[in-house]
Amino acid sequence: VKRNKQKAEWILAIFALITIAFSWYIGKKLKISEVDQSVFKVLPYHESKIQRMENGVYKVTSNDLATVFLTTGTGKGYAGPIKVLVGYSHSKTITSINILDSKETTSYLQKVFNRKYLENFHSLHLSRLNRLNFSPDAISGATRTSEGIAQAIKSATSKLANYHSIDFEPEDVPQPVSFGKKEIIVLLLFVLGLLARVKSFRLKEHLTWTTLILGLIFLGFVYNEPISMTRIHSLLLGFWPSWHNELHIYFLVFGVAIILLTTGKNPYCHAMCPLGASQKLLGKIGHAKTVNLKQKYFWVWMQRSFAWISILLALIFRNPAISEYEIHSALFQFTGTHWLFLIMGLTIIISIFVSKPWCNFLCPIRAIFDFMHLFRKKLKRIKR
Amino acid sequence: VSKKKNYMGIQFLLILLFVFIIIHLTENIRKVKYNSRNPINSYSVPPKSYQVDTLEQNDSKIDTLWKDSEFSDPFRK
C-alpha cells in the first residue's frame, strides 16, 4: 500500500510539473506586446497624430495643441516589472503618469495611489529628475512598489533625454552590492535554525523559540519578507530581483532550497517562518492541540492542489500576485482584500485551539517543500 | 498527539477557509483583468477641458492648477 501511495505521489508530481511547464508556455504565448496598444488607450488626445520615434518615444502632434511627448519606462516592483507611460509638455515637464502594466498586488498599488505618491512628480522638469536624483520618500508598507514606480518614471525620462540629446544619468548605473541588516539577519536565522535542529543540542527548545521570535519580528513585522508564493511565481516567471540590493532574498529562498535538497531538513518552517511563529505563539496561549484528521490525505491534497492552481494561474496570466492567497501581508502589513482579512482572522482564531492550522492545512509553501522532499527521495532512490 | 478523529467542526472551518480563498482568488483575477483593460489613469494633466488650449495658455493653466492644488512641489518652494 505504501509503495502504491508513493508511486501515485510521484505520478501526480510529474503531472504537476508538466502542467506548470505547459501553463508557462500558454502565458508566454498569450502575452502580446500590449504596451503599444496601451499607449493609445490612455492617450487623452484623441484627434492627435502619434508617431513612434526612436527609443520608445512617442511624439504627439495636433492642430490645437503643442507637440507633447510620451515615453514608456520600466522599474522593478515587488512582484515584477512595473511599466509606466509618462507624458511631457513641450517644455519637458511631466504632465501625466499612467501605469500601463504591473504585477504588484492590487492593494499595494492602491496604497501608493491613495497616498498620492505620483503627485511628487507633478510638473517636474526632465533635468530635475536627473540632477537632483529625485526620489521621493517611498510609501511605507508599499516600499518596493513605490520605488519601482519612481524607477520606471526615471527610466522613461532618460529615454526622452536621450531623444533630445540631453545628458542624463545612464539608466542602468552599475550598483554596488549591498550587504546590510537584512542579509545579516537571514544568515543569523539560518545558523540558529540549523543549530536548533541538532538533536543533541541542549538548548534546542529555547533556540527554536529564539529563531521563531526573530523571524516573526524581522521577516514578519519589520521587513515582511517571508518566502511567499508571489516570490516563487516571480522567480518562475523570470522576474528576478536585483542581487545587488536584494541579496537577502537569494539567501533566503535558495538557502532553504539547497539545505532542503541536500540534507532533507527544512530550516524554514520550523525555525524561521513568521506565520508559523505567530501560530505557535497563539497556540501556546490557548494550549492548542495537534489535530490528526482521519481524512488526512484529502486535506494534504487540497493544500497541494491549491498551491498547484496558484502557480498555474500566475504563469498563465504572467502575473505573480494574481493568485496569491497567503495572509502575511494582511497580518504583518495590514494590507489586503477584505477576504484576505477574513481568512487571516479565522486562521488566528483557529490557531488558538488547533496547532498551526495554516501550516498543516493551507500553506502553499509547505506543499512546495513537500514536492522538493519527494524529488529528493526519488533522486536518492535512483542513485542507489 | 490526539488520535485520528473526524473533528467535524475543524473540517467545516477548513472548508470555509478554502471557500474564502476561492472567492478571494476570483476577485483578484477580476480586478487584475479589469486593470489590464483599463490602464490606471492615475494622474493626468492637462485635464481634457484644456486640450484645445494653445501652448502658452496650456502651460499657464497647469501652473495655476499646481498652485491651487493641495500638493506642494518640493522644488518650487
Side-chain angles (χ1 to χ4, degrees), chain A residues 34 38 41-42 44-45 64-66 85 87 89-91 93 95-102 106 109 113 116 118-124 128 132 136 289-296 299 302 306 309-310 313 317 319 321-325 337 339-340 342-343 346-347 350 354 357 361-362, chain B residues 1-11 13-48 50-59 62-63 65-67 69-76:
Chain A
E34 285 167 347
S38 312
K41 253 187 252 174
V42 298
Y45 318 101
D64 315 317
L65 197 72
L85 175 72
S89 70
H90 74 288
S91 52
T93 56
T95 55
S96 69
I97 298 164
N98 290 281
I99 311 290
L100 291 183
D101 190 23
S102 129
T106 322
L109 210 54
F113 297 141
K116 309 223 184 300
L118 295 178
E119 303 286 346
N120 286 304
F121 299 90
H122 188 301
S123 292
L124 265 187
R128 278 187 190 161
L132 297 173
K289 60 178 178 180
T290 308
V291 163
N292 213 350
L293 288 173
K294 263 189 182 169
Q295 301 79 357
K296 185 185 159 193
W299 292 107
M302 274 289 268
F306 270 71
I309 290 169
S310 171
L313 286 173
F317 287 100
N319 185 328
I322 200 166
S323 52
E324 172 202 49
Y325 59 87
T337 62
W339 289 107
L340 218 52
L342 201 62
I343 297 165
L346 200 53
T347 309
I350 303 172
V354 176
F361 301 105
L362 296 140
Chain B
V1 179
S2 57
K3 280 183 190 167
K4 279 191 177 181
K5 281 185 193 171
N6 270 328
Y7 294 106
M8 291 313 281
I10 292 165
Q11 293 205 51
L13 289 174
L14 286 176
I15 288 175
L16 204 63
L17 279 171
F18 277 113
V19 170
F20 289 161
I21 289 173
I22 292 170
I23 299 171
H24 160 76
L25 287 179
T26 321
E27 282 234 318
N28 235 11
I29 292 169
R30 197 182 52 79
K31 259 188 216 166
V32 171
K33 287 299 283 174
Y34 175 81
N35 283 344
S36 71
R37 275 200 305 273
N38 306 283
I40 307 149
N41 214 339
S42 31
Y43 165 71
S44 193
V45 167
K48 283 189 177 175
Y50 295 128
Q51 276 177 42
V52 287
D53 286 351
T54 59
L55 166 67
E56 288 73 24
Q57 280 171 325
N58 206 359
D59 270 3
I62 292 169
D63 277 341
L65 258 181
W66 186 237
K67 276 172 206 152
S69 74
E70 58 184 296
F71 307 102
S72 56
D73 182 346
F75 297 104
R76 287 201 180 188

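Quick caveat: nothing in here was measured; it's all calculated off a predicted structure. To find a chain, count down the sequence lines: A is the first, B the second, and so on, and within it residues start at 1.
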Cut-off 3.5 Å, no hydrogens considered: what does the side-chain donor-acceptor table look like for residues 13-21 of chain B, sequence neighbours left out?
none

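Both the backbone and the side chain of A/S323 come within contact range of chain B, each with at least one heavy atom under 4.5 Å from a heavy atom of that chain. Residue contact with chain B, scored on non-hydrogen atoms closer than 4.5 Å, involves the backbone and the side chain of A/I343 alike. Residue contact with chain B, scored on non-hydrogen atoms closer than 4.5 Å, involves the side chain of A/L313 exclusively.
With chain B as the partner, the residue from A/L342, A/I309, A/N319 showing the most heavy-atom pairs under 4.5 Å is A/L342.
Of all non-hydrogen atoms in B/N28 and A/E324, the two that sit nearest each other are ND2-O, 4.1 Å.
Under the rule for a side-chain hydrogen bond (donor to acceptor under 3.5 Å, both in side chains), the partners of A/Q295 that lie at least two apart in sequence or sit in another chain are B/N6, B/Q11.
Atoms CG and OH, on B/L25 and A/Y325 in that order, are 7.5 Å from each other to the nearest 0.5 Å. Between atom CE of residue B/M8 and atom CG of residue A/L293 there is a gap of 10.0 Å, rounded to the nearest 0.5 Å.
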